[in-house]
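So you know, we letter chains A, B, ... as the sequences are listed, proteins then strands, and number each from 1.
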Amino acid sequence: MSKGLPKRSEDYSLWYNELVKRADLAENSAVRGCMVIKPYGYSIWEKMQAELDRMFKETGHTNAYFPLFIPKSFLSKEASHVEGFAKECAVVTHYRLKNAEDGSGVIVDPEAKLEEELIVRPTSETVIWSTYKNWIQSYRDLPLLVNQWANVVRWEMRTRLFLRTAEFLWQEGHTAHATKEEAQAETAQMLNIYAQFAEEFMAMPVVKGRKTENERFAGADDTLCIEAMMQDGKALQAGTSHFLGQNFAKAFDVKFATKEGGLEYVWGTSWGVSTRLMGALIMAHSDDNGLVLPPKLAPIQVVIVPIYKGDDQLNAISEKAKEIMVALRKAGISVKYDDRDTHKPGWKFAEYELKGVPLRIGIGPRDLENGTIELARRDNLTKETFDLSSQAIEEKIGNLLTEIQDSIYKKAFDFREEKITEVNSWDEFQTTLENKGGFLSAHWDGSSETEDKIKELTKATIRCIPLDQKEESGTCVFSGKPSKGRVLFAKAY
RNA sequence: CGGGGUGUAGCGUAGCCCGGUAUCGCGCCACAUUUGGGAUGUGGAGGUCGUAGGUUCGAAUCCUGCCACCCCGACCA
């Protein structure tokens with residue numbers, strides 16, 4: 001393994017691919033398009049899950065689990081939904097294998113063809129709504145607020161670790177409500193939770209917005225999203241929340257008796273974030289030395305590396321290190337003491353930098369003498385000597401972790417702000433997209449035709465109509481037709 | 001799925017045009033000296049050259065099929 005990582009400035013996607021592999025986050029598997037999420041990568045995902053799960057439960061949702069397989073007939077019940085997913089579904093056609101007669105191995109038993117083929121879920125609206133039909137009879141059964149953590153399969157042509165894989169992990173919330181307003185409020189609430197999670201935990205600023213008709217989820221009346229800006233100037237959709245109207249209720253005949261004695265279709269929402277967030281996290285903060293993790297999601301927040309000659313020194317240092325470790329753990333900070341003597345300190349420094357551990361404590365003989373430790377920050381690569389008698393260690397480290405969390409958010413925020421450009425002419429649109437990238441805030445006439453045409457010409461799409469869009473009359477950057485406000489265009493992942 | 005490229009030890013590669021059983025670096029193992037930013041030396045282990053056929057006395061090398069991966073398009077969270 002060569003030492004350095006490729007440079008972002010030279011080959012961004014190579015940098016990303018190498019970083020994912022070298023930081024032990026994930027690797028390609030024996031199965032095309034599917035990845036193995038390695039223990040270190042998975043522990044970051046677990047931290048994300050834990051926070052999101054807590055937030056879902058705090059807002060009244062409970063977890064459940066629905067089947068991986070969906071009868072083919074279910075998928076076709078909602079017309080636009082099936083159209084949206086048909087091209088990327090894996091299909092189970094048989095249920096048995098047998099030994100080949102020529103001894104060449106196992107073959108699919110042609111006798112064991114399924115009556116009705118099963119689709120490996122690309123998303124679960126259909127199975128879930130077919131179940132909700134039985135769960136919902138009265139307004140008293142509403143709202144129904146369910147989430148599931150699951151894997152889904154979308155047979156993608158081109159895959160990239162975390163960003164787009166044939167199988168990925170996600171959570172999908174599926175709720176049912178008595179009124180349109182309540183379902184819309186739920187859609188907005190969950191979007192806000194995603195935005196809060198992204199900003200507070202991932203330290204990644206996002207734009208909250210609404211998808212255009214072209215980009216909307218198949219089967220939804222309205223799709224809200226959070227969009228993030230990556231370091232190469234491309235946008236990444238980090239989460240979506242859909243208002244499903246009564247589309248699935250009608251498709252699966254889910255009605256409820258109202259308080260007034262009427263019978264009405266329920267209103268639905270669905271919302272999800274996936275392991276794609278891992279890709280967003282990596283691309284939002286990391287640098288040419290490796291991963292940079294926000295303390296709130298780092299599996300290891302602090303690593304202690306001893307610098308020593310001989311067992312006597314190591315023993316003395318270990319004693320100090322363990323003392324510090326106990327104090328930090330008591331304060332809820334996750335610490336690893338790396339006293340392996342199979343690797344030298346310099347090697348460990350580079351290794352933990354690659355893996356994005358936010359803080360490193362170095363303790364050597366000089367420190368023991370002086371009652372100090374060396375503190376090195378991953379985010380800005382600065383070091384300081386800390387006098388242990390000046391302040392409680394857990395307080396010092398706690399403050400530093402908070403500061404790092406804030407600091408990487410601010411850095412990402414400033415970067416994102418710098419990458420939003422208001423453009424007012426087609427010429428400016430093209431030049432900016434070409435030379436600077438990022439979000440282009442531009443007037444749009446509201447038509448799908450214009451959106452398609454712009455995509456065809458520049459590969460940029462409308463990432464969203466920001467929820468905080470200012471009313472401002474102008475003319476469409478492409479067609480010159482009147483427009484009521486600016487939308488965000490960008491090239492996207 | 002279209003166009004281009006690649007596949008040789010755990011990883012990265014040379015060799016392929018011009019056929020003769022495989023090069024180098026990292027990593028791994030042992031020992032010694034080292035340890036405040038990826039240590040050094042000496043010795044050692046490890047390869048059905050993606051896979052299945054074909055041509056040939058002989059194939060990593062030439063030919064054909066298949067598979068996987070990468071880049072560029074169409075599709076997508």
Side-chain angles (χ1 to χ4, degrees), chain A residues 1-6 11 13-14 16-18 21-22 27-35 83-89 104 122-123 152-172 194 211 214-218 220 223 225-228 235-242 270-280 289-290 305-311 313-314 317 339-354 360-370 372-376 381 383 385 455-456 459 461 463 492-493:
Chain A
M1 179 159 65
S2 64
K3 282 181 190 171
L5 211 52
D11 190 338
S13 64
L14 184 65
Y16 174 82
N17 290 337
E18 283 295 306
K21 284 181 222 160
R22 294 224 210 143
E27 61 189 34
N28 283 311
S29 69
V31 185
R32 135 199 239 132
C34 296
M35 65 178 161
E83 206 178 306
F85 288 104
K87 282 167 293 190
E88 50 191 30
C89 285
S104 62
T123 179
V152 287
V153 169
R154 297 181 190 174
W155 214 259
E156 298 291 347
M157 295 301 177
R158 282 183 67 184
T159 58
R160 288 192 73 189
L161 294 169
F162 290 120
L163 297 173
R164 181 170 303 112
T165 46
E167 178 193 17
F168 56 94
L169 306 184
W170 77 346
Q171 59 66 219
E172 45 180 327
Y194 288 155
K211 286 294 184 190
N214 280 6
E215 302 277 325
R216 189 183 293 162
F217 174 70
T223 289
C225 62
I226 52 172
E227 292 284 328
L236 185 136
Q237 178 175 305
T240 49
S241 183
H242 315 289
S270 67
W271 27 275
V273 294
S274 71
T275 37
R276 187 179 226 204
L277 286 180
M278 292 286 294
N289 294 313
V305 177
I307 296 132
Y308 61 94
K309 284 182 194 167
D311 283 350
Q313 278 189 4
L314 177 62
I317 290 167
D339 62 351
R340 288 177 297 172
D341 70 347
T342 52
H343 296 282
K344 295 181 58 170
W347 189 93
K348 294 177 187 173
F349 293 172
E351 179 71 5
Y352 292 110
E353 255 158 40
L354 181 63
R360 184 183 76 232
I361 296 177
I363 309 177
R366 285 209 298 274
D367 292 306
L368 281 191
E369 252 172 64
N370 304 332
T372 57
I373 53 172
E374 181 187 72
L375 285 172
L381 299 169
K383 288 191 236 184
T385 301
K455 182 178 178 182
E456 194 187 313
K459 284 189 230 162
T461 50
R463 299 321 304 154
Y493 275 98

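Partner assigned to B/G43 is B/C29, using Watson-Crick or G-U wobble distances below 3.5 angstrom. Pairing of B/G19, defined by two Watson-Crick or G-U wobble distances under 3.5 Å, is not identified with any nucleotide. Of the nucleotides present, none pairs with B/A74 by Watson-Crick or G-U wobble criteria with both distances under 3.5 Å. B/A59 is unpaired under the Watson-Crick or G-U wobble criterion, no partner having all donor-acceptor distances under 3.5 Å. Across all strands shown, B/U48 forms no Watson-Crick or G-U wobble pair with both key distances under 3.5 Å. Pairing for B/C24 goes to B/G12, judged as Watson-Crick or G-U wobble with the two contacts each under 3.5 Å. Base pairing of B/U34: no nucleotide in any strand meets the Watson-Crick or G-U wobble criterion (both distances under 3.5 Å). B/A68 and B/U6 make up a base pair, with Watson-Crick or G-U wobble contacts both under 3.5 Å.
For the residue pair A/A238 and A/L277, the shortest heavy atom distance occurs at O-CD2, 3.2 Å.
Residues A/E167 and A/M35 form no side-chain contact, since every pair of their non-hydrogen atoms from C-beta on lies 4.5 Å or further apart. Under the 4.5 Å side-chain criterion, counting only non-hydrogen atoms from C-beta, A/L381 is in contact with A/E353. Side-chain contact between A/Q171 and A/V273: present, with at least one pair of heavy atoms (C-beta onward) separated by less than 4.5 Å. Side-chain contact between A/F349 and A/I307 is present, with heavy atoms from C-beta onward closer than 4.5 Å. Side-chain contact between A/R160 and A/S13 is present, with heavy atoms from C-beta onward closer than 4.5 Å. Side chains of A/I317 and A/D339 form no contact here, defined as non-hydrogen atoms less than 4.5 Å apart.
With B/G36, B/G37, B/G38 as the choices, the nucleotide that has an atom nearest any side-chain atom of A/W347 turns out to be B/G38. Distance from the side chain of A/K383 is smallest for B/G37 among the nucleotides B/C76, B/G38, B/G37.
Comparing B/C18 with B/U64, their C1' atoms sit 22 Å apart, to the nearest whole Å. For the P atoms, the distance linking B/G2 with B/G65 amounts to 14 Å, nearest Å. Rounded to the nearest Å, the gap between the P atom of B/U61 and that of B/U56 is 16 Å. On the C1' atoms, B/C16 is 45 Å away from B/U35, given to the nearest whole Å. Comparing B/G19 with B/C76, their P atoms are spaced 50 Å from each other, to the whole Å. Taking the C1' atoms as reference points, B/C62 lies 13 Å from B/G58, given to the whole Å. Separating the C1' atom of B/G27 from that of B/A45 is a span of 13 Å, rounded to the nearest Å. Here, B/A60 and B/C69 have their P atoms 26 Å apart, quoted to the whole Å.
Using a 4.0 Å heavy-atom cutoff across all strands shown, A/L236 reaches no nucleic acid atom at all. Across all strands shown, A/F217 has no heavy atoms under 4.0 Å from either base or sugar-phosphate atoms. Using a 4.0 Å heavy-atom cutoff across all strands shown, A/E156 reaches at least one base atom of the nucleic acid. Using a 4.0 Å heavy-atom distance criterion, A/T165 is classed as a base contact. Residue contacts for A/S274: at a heavy-atom cut-off of 4.0 Å it reaches a base atom on one of the strands shown.
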Hey, mind stepping through A/T123 and A/R154 against side chain to side chain contact (heavy atoms under 4.5 Å, CB included) and telling me if it holds? CA-CA 9 Å; A/T123 179; A/R154 297 181 190 174; 3.7 Å; yes
Please write out each protein N/O paired with an N/O of nucleotides 69-72 of chain B under 3.5 Å, distance rounded to 0.1 Å.
{"from": "B/C69", "atom 1": "OP1", "to": "A/G33", "atom 2": "N", "distance (Å)": "3.4"}
{"from": "B/C72", "atom 1": "OP2", "to": "A/R158", "atom 2": "NH2", "distance (Å)": "2.7"}

Protein-nucleotides 33-35 of chain B N/O pairs under 3.5 Å:
{"from": "B/U35", "atom 1": "OP1", "to": "A/K309", "atom 2": "NZ", "distance (Å)": "3.4"}
{"from": "B/U35", "atom 1": "O2'", "to": "A/Y308", "atom 2": "O", "distance (Å)": "3.1"}

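Side-chain atoms of A/T275 do not come within 3.5 Å of backbone N or O of A/F168 as any donor-acceptor pair.
Using cut-offs of 30° and 60° for the angle between ring planes, the A/H242 and A/F217 rings count as parallel.
For A/W347, the CH2 atom is densely surrounded, since the number of other residues' heavy atoms within 6.0 Å is greater than 12.
Distance A/R22 CZ to B/G27 C1': 13 Å, rounded to the nearest Å. Put simply, CZ on A/F349 is 11 Å from P on B/A39, counting in whole angstrom units. Straight-line distance from the NZ atom of A/K348 to the P atom of B/G37: 14 Å, rounded to whole Å. Note: CG (A/L314) to P (B/G36) measures 14 Å, nearest angstrom. Distance, A/R366 CZ to B/G36 P: 10 Å, rounded to whole Å. In this structure, A/R360 places its CZ atom 12 Å from P of B/G36, rounding to the nearest Å. Rounded to whole angstrom, the span from the CZ atom of A/R216 across to the C1' atom of B/C76 amounts to 18 Å. Here the C1' atom of nucleotide B/G10 and the NZ atom of A/K21 are 14 Å apart, to the nearest Å.
Remark: of the listed residues A/I363, A/L368, A/D341, A/D341 is the sole one forming a side chain to side chain contact (heavy atoms under 4.5 Å, CB included) with A/Y308.
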